[in-house]
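Inspection log for the structure reproduced underneath, given as structure tokens.
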Amino acid sequence: MFTNRSLVSIANLTREDIMHLIHQAEQFEAQPNRTMLSDKVVATLFFEPSTRTRLSFETAANRLGARVIGFTDPKVTSSTKGETLKDTIMMVSNYADVIVMRHYLEGAARYAAEISPVPVINAGDGANQHPTQTLLDLYSIYKTQGSLDNLNIYLVGDLKYGRTVHSLLMAMRHFHPTFHFIAPRELAMPDEYKLYCRQYHISYVEHEDFNAGVIADADILYMTRVQRERFTDLMEYERVKDVYILRAQMLKEAKPNMKILHPLPRVNEIAYDVDEDPHAYYFEQARNGLYARQAIIAHVLNMDL
Ligand code: CP
């Protein structure tokens, strides 16, 4: 299913692979505490900040009985002395059975997977991919909609730098979605992903307006944060950072089944009054990350249930 048992890109997964991992996640959710990895060590190498991805991976490993090593800040590692990514990966693979890595460079995960003797799980590489987020997003969509097929999925906000929306778009090619891209012109979905849609016969509509009428037909409203850390021009960031804010009053025409997802962290793009609305699902979505990541760790170690 995965290249060298590593998970680098969501693009490698078939429909059957995705459904298999979703059903594995269901089983882990039914019983999260299992000691099936008591002889394993999981390394978490975070070259970029994270709350959910790192903590849910570490919780997943702990609930499976594995031990965890790693770092949350590259400044405390020998990369500050000039050690290369290659040497870091070769060293850590001496100590751990699987490496979970977040890196600021696009392609870093693929490179690590190519040289590593142990499986590498991409926990986000620059603006490129975030495949484990996508698997938890797919699990969340499946749980709330009962199916992944034929859904209207609205992606809102930073569609240029948002690696989670790029990965979700690619994964959904197996499930006949209709996408709606809602972004200011500066943060529009890049042409390469629109080309991908055309190549895989995925319907999409682009919008610049964001209001109750535009989102009335959504099954999934996927909000994203404008990613300050990816901008070279901070004036441009200031111009676009608050363009779209979802407020509770905008949900009056929403379909009953509609759920609001967000990979989190949020900044201003979802007002706090939305948290109490029955359409809000982002905190449950983050919890689903634990079960999806248990399924992924078990899978790359060839220990599916
Ligand atoms: N969704 C996500 O990747 O969150 P973190 O950056 O906190 O890991």
Side-chain angles (χ1 to χ4, degrees), residues 7-10 21 25 42-63 68 70-75 98-109 112 120-144 153 155-172 187 220-231 237 241 246 259-270 274-275 280-297:
L7 174 57
V8 171
S9 166
I10 205 75
L21 287 167
V42 176
T44 56
L45 313 186
F46 277 71
F47 292 86
E48 268 196 336
S50 166
T51 298
R52 276 147 295 276
T53 309
R54 183 178 66 80
L55 291 178
S56 61
F57 261 118
E58 294 187 356
T59 307
N62 278 296
R63 289 197 183 276
V68 178
F71 55 82
T72 59
D73 182 353
K75 287 207 268 314
V98 54
I99 295 173
V100 178
M101 185 179 82
R102 171 170 289 185
H103 203 283
Y104 47 87
L105 288 180
E106 296 178 24
V120 172
I121 300 173
N122 182 2
D125 61 331
N128 186 32
Q129 285 256 333
H130 196 348
T132 72
Q133 176 73 43
T134 302
L135 285 165
L136 81 87
D137 292 343
L138 294 171
Y139 183 44
S140 300
I141 295 170
Y142 182 79
K143 269 176 72 175
T144 59
I153 301 183
L155 306 177
V156 183
D158 185 348
L159 308 187
K160 179 177 179 185
Y161 297 113
R163 58 193 172 197
T164 64
V165 292
H166 301 160
S167 291
L168 182 61
L169 183 151
M170 294 173 106
M172 287 304 296
L187 298 177
I220 294 294
L221 183 61
Y222 195 101
M223 300 295 298
T224 64
R225 170 179 69 96
V226 177
Q227 304 203 9
R228 186 177 191 275
E229 65 274 28
R230 313 268 178 232
F231 281 78
Y237 169 74
K241 70 179 172 116
L246 180 65
K259 291 294 176 202
I260 303 160
L261 304 187
H262 190 313
L264 303 177
R266 73 171 146 184
V267 184
N268 286 331
E269 58 280 359
I270 300 181
V274 177
D275 294 358
Y281 192 74
Y282 27 94
F283 295 123
E284 291 94 330
Q285 177 190 1
R287 188 173 60 236
N288 291 336
L290 167 60
Y291 315 122
R293 287 173 173 132
Q294 285 185 294
I296 293 164
I297 294 173

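The figures that follow rest on heavy atoms only: side chains count, while hydrogens, waters and symmetry mates do not. Order of listing sets the numbers, starting from 1, for every ligand and every atom in it.
Side chain to side chain, H130 and R102 meet the donor-acceptor criterion of an N or O pair below 3.5 Å.
Not counting sequence neighbours, the partners of Y282 by the side chain to side chain donor-acceptor pair (under 3.5 Å) test are D275. Residues forming a ring pair (Phe, Tyr, Trp, His ring centres under 6.0 Å) with F46 (at least two apart in sequence, or on another chain): none. Shown here are the side chain to side chain donor-acceptor pair (under 3.5 Å) partners of Y139, two or more places apart in sequence or in another chain: E29.
Of the candidates R287, R293, Q294, R293 is the only one forming a side-chain hydrogen bond (donor to acceptor under 3.5 Å, both in side chains) with S56.
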What are the distances between nitrogen or oxygen atoms of ligand 1 and protein nitrogen or oxygen atoms, counting only those under 3.5 Å?
unit_1, atom_1, unit_2, atom_2, d
ligand 1, 1 (N), Q133, OE1, 3.0
ligand 1, 1 (N), P263, O, 2.7
ligand 1, 1 (N), L264, O, 3.0
ligand 1, 3 (O), T53, OG1, 2.9
ligand 1, 3 (O), R102, NH2, 2.9
ligand 1, 3 (O), H130, NE2, 2.9
ligand 1, 4 (O), R52, NE, 3.1
ligand 1, 4 (O), L264, O, 3.3
ligand 1, 6 (O), R102, NH1, 2.9
ligand 1, 7 (O), T51, N, 2.8
ligand 1, 7 (O), R52, N, 3.0
ligand 1, 7 (O), R52, NE, 3.4
ligand 1, 7 (O), R52, NH2, 2.9
ligand 1, 8 (O), S50, OG, 2.6
ligand 1, 8 (O), T53, N, 2.9
ligand 1, 8 (O), T53, OG1, 2.6
ligand 1, 8 (O), R102, NH2, 3.4

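No side-chain heavy atom of R54 sits less than 4.5 Å from a side-chain heavy atom of E48.
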